[in-house]
Every structure is written in structure tokens, then in C-alpha cells.
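Accompanying notes for the structure given below.
Below, chain A is the first sequence line, B the second, and so on; all start at residue 1. Predicted model, so just to flag it, every value in this text is computed and none were measured.
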2 protein chains.
Amino acid sequence: MVSSKDVAKRAGVSQSTVSRVMNDPLKVSKIARESVLHAMEELNYRPNSVARSLVNKKTKSIALISGPLHNPFFVETTTSIVNSAKQHGYHTNVHFENFGDNMSLYKDVLSHQFDGLILSSIFYKDPIYEELKKLDVHFVMFNRKHQSGGHYVEIDNIAAGRLAAEHLLKLGHRDIAWIGGDLKTSTFHGRHKGYLDAVTEQGIQIPEHFIQVNDTTRVEVHRAIESMLARKQRPTAIFAATDSIAIFILDYLHEKGYSVPDDISLIGMDNIEWSSHHSFQLTTVGHDGPKNLGQLAIEHLMDLMNSEKKEEEINITVEPKVFVRKTTKEL
Amino acid sequence: MVSSKDVAKRAGVSQSTVSRVMNDPLKVSKIARESVLHAMEELNYRPNSVARSLVNKKTKSIALISGPLHNPFFVETTTSIVNSAKQHGYHTNVHFENFGDNMSLYKDVLSHQFDGLILSSIFYKDPIYEELKKLDVHFVMFNRKHQSGGHYVEIDNIAAGRLAAEHLLKLGHRDIAWIGGDLKTSTFHGRHKGYLDAVTEQGIQIPEHFIQVNDTTRVEVHRAIESMLARKQRPTAIFAATDSIAIFILDYLHEKGYSVPDDISLIGMDNIEWSSHHSFQLTTVGHDGPKNLGQLAIEHLMDLMNSEKKEEEINITVEPKVFVRKTTKEL
DNA sequence: AGATTATTTGAATACGTATTCAAGTGTGTG
DNA sequence: CACACACTTGAATACGTATTCAAATAATCT
């Protein structure tokens with residue numbers, strides 16, 4: 001490893017001068033500067049970012065705790081976050097939510113230094129929030145939020161859940177099932193609540209097995225839909241709390257010979273790119289903007305890190321709308 | 001920031017002792033150890049990984065340069081790599097291939113320290129290879145390889161291209177188009193060569209516009225297929241060099257009212273999870289193992305980093321097979 | 001020219017941890 | 001009791017960079 005000291009020796013100057021040509025070239029004479037640059041070339045010098053981080057107390061890297069990539073929503077946000085961070089000169093350490101034991105994940109993530117954190121893994125009542133506050137790390141939540149507030153970027157999940165349910169109700173459906181993930185997250189909690197509110201307002205009673213809360217993996221979703229359809233009383237429409245879940249359901253239904261929407265209507269949520277694929281044509285609810293939630297999150301994290309205005313909280317709630325396509329139909 | 005010095009003061013010992021309870025607890029007396037642990041608790045001490053990295057010359061992190069996530073193949077490999085690295089105690093810095101200017105990307109990636117690198121962005125003749133060798137970084141390539149060898153994990157692309165073409169030939173097709181990405185990569189080069197070999201052996205002449213080399217984004221693929229179908233002489237079958245491309249093509253064809261495979265046959269490559277989705281049922285060529293190429297790459301990188309056996313090169317070429325599903329049909 | 005100010009430089013130090021080295025303590029042996 | 005030996009400890013140093021500080025040199029002004 002060639003260090004700035006080696007460069008200094010070669011160039012016949014002090015290590016300080018080498019450091020200066022990198023950080024403040026105008027503070028050093030032309031003759032010395034060129035000599036240093038030349039020595040750098042010769043030795044193929046690469047500054048050590050770790051040493052630099054130690055003294056600067058900046059790593060120029062952020063951490064991202066994303067939901068699993070089998071949900072395309074997180075594919076889109078991860079891409080945006082990584083690329084946008086890079087644009088701002090930051091590297092991104094990517095982690096995936098660890099179902100069942102997020103605490104050990106947080107411990108792992110926090111064992112390395114970083115300048116900022118973006119996470120979508122938080123529960124509405126999650127002790128990690130206070131932990132992060134105490135450690136004074138800059139963080140913004142996206143897709144989910146915490147009961148205590150903090151910086152977050154979300155969609156109005158309650159409104160979105162309501163919109164989805166109302167779309168189905170308007171089509172004459174009354175037996176509407178809900179399949180989603182853990183209600184301890186603000187996301188699923190809101191989408192569930194909006195749905196239940198809308199349906200209850202119509203005086204509709206939802207049988208217990210119409211509501212399935214599961215892990216959001218393909219196998220778990222298939223298990224959920226299978227157990228639901230095994231019962232005598234079947235829904236005429238299904239509200240999947242994410243497009244990812246909806247697409248898994250679609251897979252199952254097609255496999256089993258059901259026709260969508262003729263046999264059963266299906267609406268998703270998030271308006272991911274896949275949902276508009278002509279093999280799916282998934283009706284969904286989502287945000288209609290040029291920037292996804294990840295993009296919004298990273299931009300605000302950058303603001304947060306580069307201008308110490310920690311006073312004002314960033315609370316962004318974008319409005320949802322229905323994207324009517326081909327998987328829902330009048331009863 | 002509370003440092004080991006602060007802990008030492010609080011516990012009434014030296015900083016050395018604090019360091020020892022973390023790295024070699026048996027070397028310190030029980031009484032001192034407990035005092036230190038107690039002080040750590042009280043002060044909520046977190047060791048600074050940057051300082052630790054500086055002296056250890058290990059960052060416990062790797063860098064990944066992946067293809068774009070709009071290709072689900074890279075979704076699967078990225079997930080495997082990140083999770084497996086975590087399993088081994090490593091964090092993963094994720095980067096995405098920068099079409100048009102990978103050199104500036106490499107420069108950026110190399111500006112931070114890391115213990116190992118996994119990349120799928122390399123060209124068959126890429127100067128970065130020598131650069132990496134010179135810098136003595138541990139790296140393994142996956143999905144693509146370099147002319148000079150090095151450590152790599154790939155599928156037999158030539159054989160795979162041949163298999164795809166032969167599948168279509170066996171079904172009676174002779175007007176077979178090829179749509180793929182940059183031929184400067186070993187991947188597309190091999191898949192193209194295998195196809196061309198098989199087709200040429202049958203004495204078939206492929207018109208120029210049957211071969212489209214493009215960026216692999218959705219819009220570019222749509223542009224390619226559109227321009228191809230605008231011509232008078234149309235293919236009866238298309239070989240898409242990745243499943244991702246095939247699925248984009250499927251989207252386009254369905255949008256334009258074509259029926260697959262009745263109007264046109266389509267075969268992909270990679271056997272990604274999406275390809276078996278019942279809305280696609282994509283016939284494809286791929287590897288039939290429990291571990292994807294990313295998984296294999298990370299495992300070998302770990303070997304490489306943790307046991308200085310740099311002598312033997314890791315050259316893994318898995319065998320492809322055809323997965324016949326519903327997008328190809330007898331002419 | 002002499003005095004003042006601006007520019008350029010290197011020595012020293014700091015960042016937070018791990019490790020070497022020597023000194024100190026205590027234990028057991030002959 | 002003298003000696004060897006194991007154990008425990010802290011001071012000092014190293015990792016590679018940035019920065020402060022004071023000294024040296026060059027440039028400017030009266």
C-alpha cells in the first residue's frame with residue numbers, strides 16, 4: 001500500500017504538502033504541486049478512504065435497509081437510492097429486512113459507520129426509533145413510518161386502502177378479501193384500515209378467513225390464497241395490499257385455472273412498473289409522480305446531511321389514485 | 001462520540017485493556033473485564049469501525065458491481081450476494097453498471113476501501129482487469145468473464161445459445177431473430193455465437209435486421225422489436241438473449257395484439273423466477289441448480305479472502321439446459 | 001532599503017483502535 | 001528463600017490522512 005508519506009518522499013516534500021494538493025491545491029506552489037502529482041502517477045497512489053474517514057468523521061456512505069427485492073417495489077426504490085446516492089458522491093451499503101429478527105440486523109448495520117440511513121423496515125411502534133435518535137444518526141424512513149414521527153416519506157395508506165375497496169364496491173362486489181403483510185407496519189395497517197372502513201360503512205360483514213395476514217413471499221402468499229379458496233364461502237374480489245402480492249396471487253389463480261377478472265377480481269397497490277405489463281394489466285392504487293418514494297427519501301436524506309437543519313421534520317405523504325386496468329370487473 | 005478512551009477512564013483502566021476485552025477477553029482479569037463491560041453499558045459505547053479498519057487493514061465489506069435491477073436476473077444474484085455476505089460478516093456496497101462509462105464507475109468504486117469485489121460489468125477485453133490485478137484486489141466476475149481468465153463464474157453461453165437455436169430449429173423455424181445486448185461482453189458474445197453456429201450449420205442465411213444489439217432497457221428492447229417487425233421479412237421465432245429481454249418483448253407483442261406462440265415463438269435465457277410465472281410461461285435456457293451465479297460468486301470470493309490460496313484460479317462454467325414451457329411452438 | 005503582509009512549508013498532532021513491549025504482580029518449584 | 005514462570009497491565013506506537021501552528025520565504029508598500 002503506497003501512502004501519502006511515500007508520495008511525499010518521492011516528491012521531496014512533506015506529507016502535509018501531499019495532503020494539501022489533494023484538498024486545497026491552491027495552497028501549494030505550482031512547482032511542488034506538479035512534483036507531487038507526478039509522484040502520485042509514478043507510484044499509482046490511491047488515497048486511503050478509511051484513514052480519511054477517520055479524521056473527517058465522514059464516510060461518504062449511507063446505509064439502506066430495504067424490503068426484500070422479490071417485491072419489485074423495492075427494486076425500483078433501491079435502484080433510485082443507490083444511483084442517486086452515487087450522484088451525490090455517496091456509496092450505499094445495502095441490507096435487507098430480516099423478518100423475525102430485525103434487531104440483530106440493526107445491530108449489524110450499526111456496527112459499521114455511515115453518514116445517513118434510509119430504512120423501510122421499521123414498525124409503527126419500534127424501539128429502534130429511540131435507539132437511532134439516541135445515537136444521533138441521520139435517518140429517514142420510507143414507505144413506512146413510526147408513531148413518534150421523525151423524517152418519513154410515505155403514501156397515504158389509509159386513503160389508498162379506501163380507494164381500492166371503494167373501487168371494488170362500486171363494481172358491485174361485497175365479498176372482498178384482503179391479503180397483506182404484518183399489521184405492525186404502518187403500511188399494511190393503513191391499507192387494512194382504509195379497506196375495513198370503506199367496507200364497514202356499507203354495512204358489510206367480512207368473514208374472518210377473508211383477511212389473511214402473512215409473510216409476503218411467494219410461497220406464503222400462495223398458501224394464504226389457497227387456504228382462502230378452500231373454504232365454502234369465497235370472495236368475488238381480492239384486494240392485495242401490494243402489487244407484488246397481487247402478482248403472486250395472479251400466478252396462483254392462473255395456475256389453478258381461474259380466470260381474472262371473470263372468476264375473481266383482483267386489485268393491487270403500489271403501481272409498480274410490472275403492474276402495467278400487458279401480461280398482467282393489473283388494476284392498482286398508487287402514486288402518480290415522477291419520483292418514487294425511495295428517490296424522495298434519498299433526496300431528503302441528502303438535505304438532512306448537508307445542511308444541519310434538523311429542526312424541521314420531513315413528513316411527506318403523497319396522494320394515491322386508482323389505476324384501472326384489466327383485473328377488476330363488474331360483478 | 002464515546003471512544004474506548006472514555007470507557008477506559010470510566011472503568012479505571014487503560015485503553016489497551018478496553019481494547020482487549022473486545023478482542024481477547026481471556027487476556028484480562030475478570031474484575032477488570034466486568035468493570036469495562038459495565039462502563040461500556042453505561043456510556044452506550046460503540047466501537048468505531050473506521051478506526052478498527054485502519055489498523056486491521058480489513059473493512060469487513062465487499063463491493064458489488066451488478067447489472068441493472070430491471071433485469072430480474074440481477075435481482076436474484078444481488079439478493080444472494082448481499083445476504084450471503086452478511087452471513088459471513090460482510091457488508092455489501094452495491095453499485096450498478098454504468099452503460100457508456102464504466103471507467104468512471106470503477107474509479108468511484110475504487111475510491112473506497114473494501115476487502116473483495118464481485119462484478120458482472122466487465123467486458124471480454126476490458127482494461128480494468130489489469131488495473132484490478134495491479135491493485136491486488138480480490139475480485140471474482142460472475143455472469144461475464146475476461147479474456148485473461150481470472151476468477152469467474154458463468155454459464156456456458158455458447159452452448160446455451162446453441163441450445164436455444166436448436167430448440168427452435170427442431171420446431172421447424174428457420175427465420176429466427178436474435179435480440180440481445182453488447183457483444184463486447186462474453187455473455188452476449190457467446191449466446192450470439194452459439195445461435196449463429198447452430199443456424200449456419202443448417203445452411204440458413206440470417207438477414208441483417210434479424211439481429212438486434214441494443215441496450216437492454218425496456219424502451220430500447222421495444223424499439224428493437226418494433227423496427228424488426230416493421231420490415232417486410234419477419235421472423236417466425238425470436239431468441240431473446242436474456243429472459244428480461246424476452247419479457248419486455250412479450251409485453252410489446254401483447255400490447256400490439258400478437259399472440260405468442262401462435263403468431264411468433266419466443267425463447268429466453270437465464271431461467272429467472274419470473275419466467276415460470278403462469279402469466280408468462282416462458283420457454284428458456286438456463287442453469288438448473290440450487291445456487292445462482294451470484295451465490296457461487298460470493299462463496300468463492302469468501303474462500304479467496306479468507307484463505308490466501310490465490311494460486312488456483314476459480315473457473316466455473318455451469319451447464320445449461322432447455323426449459324420448455326408455453327412460448328414456443330411448432331411452425 | 002526597511003517594514004509589513006502574503007504565501008508556502010514542514011513538524012507536530014489528532015482521529016479511535018490494536019498491538020508490542022516491558023514492567024509489575026503473583027504462583028509455584030526446588 | 002531464591003528463582004523461574006505465568007498472568008495482567010499500561011505506555012508507547014502504528015495505521016494513513018487532515019489540520020494547526022509557527023517558521024521561513026517571497027512579495028508589496030512606504
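Note: NZ (B:Lys27) to C1' (C:dA18) measures 15 Å, nearest angstrom. Atom pair B:Leu54:CG and D:dT17:P shows a separation of 9 Å (rounding to whole Å applied). Atom NE2 in B:His112 sits roughly 18 Å away from atom P in D:dG16 (whole-Å rounding). Separating the NZ atom of B:Lys9 from the C1' atom of D:dG10 is a distance of 15 Å, rounded to the nearest angstrom. Atom CG in B:Asp6 sits about 15 Å away from atom P in C:dA14, given to the nearest Å. Between the C1' atom of C:dT19 and the CE atom of B:Met22 lies a distance of 14 Å, rounded to the nearest Å. Whole-Å rounding puts the A:Gln15 CD to D:dC15 C1' distance at 12 Å. Distance B:Asp24 CG to C:dT17 P: 17 Å, rounded to the nearest Å.
Ion pairing between A:Glu131 and B:Arg46 holds under the 4.0 Å rule for side-chain N and carboxylate O.
Contact annotation: A:Thr17 side-chain N/O to C:dG10 OP1/OP2 distance is under 4.0 Å. The shortest distance between the side-chain N/O atoms of B:Arg52 and the OP1/OP2 oxygens of C:dA18 is below 4.0 Å. Distances shown here put every side-chain N or O of A:Ser29 at or beyond 4.0 Å from the OP1 or OP2 atom of C:dT8. Of the side-chain N and O atoms in B:Asn56, none sit less than 4.0 angstrom from OP1 or OP2 of C:dA18. For the pair A:Ser19 and D:dA18, the criterion of a side-chain N or O lying under 4.0 Å from OP1 or OP2 is met. The side chain of A:Ser53 contributes no N or O atom lying less than 4.0 Å from OP1 or OP2 of C:dC15. The shortest distance between the side-chain N/O atoms of B:Lys57 and the OP1/OP2 oxygens of D:dG16 is below 4.0 Å. Applying the 4.0 Å criterion to OP1 and OP2 of C:dT17, one finds that B:Asn48 has every side-chain N and O outside that range. The side chain of B:Arg20 contributes no N or O atom lying less than 4.0 Å from OP1 or OP2 of D:dT8.
Using a 4.0 Å heavy-atom criterion, one finds that B:Val28 contacts the sugar-phosphate atoms exclusively. The residue B:Val13 sits close only to the backbone: its heavy atoms come under 4.0 Å of sugar-phosphate atoms, none of a base. Contacts of A:Leu26 with the nucleic acid, taken as non-hydrogen atoms under 4.0 Å apart, involve only primed sugar atoms and P, OP1 or OP2.
The side chain of A:Ser14 lies closest to C:dG10, out of D:dG16, C:dG10, C:dT20. Among the nucleotides D:dT9, D:dA18, D:dA11, the one closest to any side-chain atom of B:Ala32 is D:dT9. Considering only the side chain of B:Lys5, C:dT17 comes nearest among C:dG10, D:dG16, C:dT17. For A:Ala51, taking side-chain heavy atoms from C-beta onward, the closest of the listed nucleotides D:dG16, D:dT9, D:dA18 is D:dG16.
A donor-acceptor pair shorter than 3.5 Å cannot be found between the side chains of A:Thr59 and A:Gln113. Side chains of B:Asn292 and B:Thr77: a donor-acceptor N/O pair is absent below 3.5 angstrom, by distance only.
With rounding to the nearest 0.5 angstrom, the CG atom of B:Asp6 is 11.5 Å from the CE atom of B:Met40. Here CZ of B:Phe74 is found 13.0 Å from OG of B:Ser80. Values are rounded to the nearest 0.5 Å.
The strand DNA chain C forms stems, runs of 3 or more Watson-Crick or G-U wobble pairs with distances below 3.5 Å, at C:1-30 with D:1-30.
The nearest heavy atom of DNA chain D to B:Arg33 and to A:Val55 marks one nucleotide each, and the one closer to the 5' end goes with B:Arg33.
Here the rule is side chain to side chain donor-acceptor pair (under 3.5 Å) with A:Ser104, and of A:Asp108, A:Asp101, A:Asn102 only A:Asp101 fits it. Considering A:Tyr152, A:Phe123, A:Phe139, A:Tyr106 as possible partners of A:Tyr129, the one that fulfils the ring pair (Phe, Tyr, Trp, His ring centres under 6.0 Å) test is A:Phe139. Of the residues B:Thr185, B:Asp126, B:Asn157, the one that meets the side chain to side chain contact (heavy atoms under 4.5 Å, CB included) test with B:Arg144 is B:Thr185.
The distance between the ring centers of A:His95 and B:His91 falls below 6.0 angstrom.
At a cut-off of 3.5 angstrom, counting only N and O atoms as typed in the model, there is a donor on one side and an acceptor on the other between the side-chain of B:Ser16 and the base of C:dT19.
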